[in-house]
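In what follows, a structure is listed as structure tokens, so that the remarks can point back to it.
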Amino acid sequence: MRNGPETPAPRARRRVMVRFGAAKLERTAFSKNLSETGAFLRTNSVHAPGSTIQIRMELDGRPFAMWAQVVWAKKAPPRLAHVLDCGMGIRFIDPPTDWLTRFRAWRERAGGV
């Protein structure tokens, strides 16, 4: 069962390094928050909403590689990117079968929002 817009998935406000890109994993970002269904990646190298990107991250030493759809993106002027909340919201597409179990255990240890 998917969470609808009125019931967002519980989020963990934790910083996790994420490699991402359209054709290959060419960029690095850090999550500002992470949920079962998606993440906010803090980066000024955003992709257009509707784009499909591939991502790779690690939780508790276990690598996860999956596809994601960019839901929204906000770019900042380069001189202000370090102070403004720029980045993109992504929704995971068909995460690996053990993603939910691993994420929920990690969120409990990391502290959800």
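We count residues from 1, following the sequence as given.
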Could you state the interatomic distance from [atom1] ([X]) to [atom2] ([Y]), rounded to the nearest 0.5 Å?
X      : Y     : atom1 : atom2 : answer
Arg107 : Leu59 : CZ    : CG    : 11.5 Å
His47  : Lys75 : NE2   : NZ    : 10.5 Å
Arg91  : Thr52 : CZ    : OG1   : 11.0 Å
Ile93  : Thr37 : CD1   : OG1   : 12.0 Å
Thr43  : Lys74 : OG1   : NZ    : 14.0 Å

Any residue meeting side-chain hydrogen bond (donor to acceptor under 3.5 Å, both in side chains) with Ser45, in chain and number order, not counting sequence neighbours:
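Testing Ser45 for side-chain hydrogen bond (donor to acceptor under 3.5 Å, both in side chains), a comparison that skips the adjacent residues, returns none.
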Give a yes or no on whether Ile90 and Trp106 share a hydrophobic cluster (residues Ile, Leu, Val, Met, Phe, Trp, Tyr; joining criterion: side-chain heavy atoms under 4.5 Å apart).
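In one cluster with Ile90: Trp106, yes.
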Cluster link Met17 to Leu34, ILVMFWY, side chain under 4.5 Å
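They do not share one cluster, since no chain of ILVMFWY contacts under 4.5 Å joins Met17 to Leu34.
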Test salt bridge (charged side-chain N to carboxylate O under 4.0 Å, His left out) applied to Arg15 - qualifying residues, sequence neighbours left out
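Salt bridge (charged side-chain N to carboxylate O under 4.0 Å, His left out) list for Arg15, sorted by chain: empty.
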Holding to salt bridge (charged side-chain N to carboxylate O under 4.0 Å, His left out), I want the full list of residues that pass it with Arg56, two or more places apart in sequence or in another chain.
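Per chain and number, Arg56 pairs via salt bridge (charged side-chain N to carboxylate O under 4.0 Å, His left out) with no residue.
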Answer yes or no: is there a donor N or O on one side and an acceptor on the other, between the side chain of Ser31 and the main chain of Val16, under 3.5 Å?
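A pair under 3.5 Å: yes.
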What pairs of donor and acceptor atoms, side-chain ones from residues 18-25 against any protein atom, are under 3.5 angstrom apart with sequence neighbours left out?
residue, atom, partner, partner atom, Å
Arg19, NH1, Arg27, O, 3.4
Arg19, NH1, Thr28, OG1, 2.5
Arg19, NH2, Leu25, O, 2.6

For Pro96, all residues meeting side chain to side chain contact (heavy atoms under 4.5 Å, CB included), sequence neighbours excluded
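Expected list: Arg62, Phe64, Met66, Asp98, Trp99.
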Trp72: partners by ring pair (Phe, Tyr, Trp, His ring centres under 6.0 Å), with sequence neighbours left out:
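For Trp72 the ring pair (Phe, Tyr, Trp, His ring centres under 6.0 Å) partners, ignoring immediate neighbours, are Phe40.
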Which pair of heavy atoms, one from Pro49 and one from Ala73, lies closest together, and at what distance?
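Nearest heavy atoms, Pro49 then Ala73: CG-N, 4.0 Å.
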Could you tell me which non-hydrogen atom of Gly87 sits nearest to which non-hydrogen atom of Val46, and how far apart they are?
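Here Gly87 and Val46 meet closest at O-CG1, 3.3 Å.
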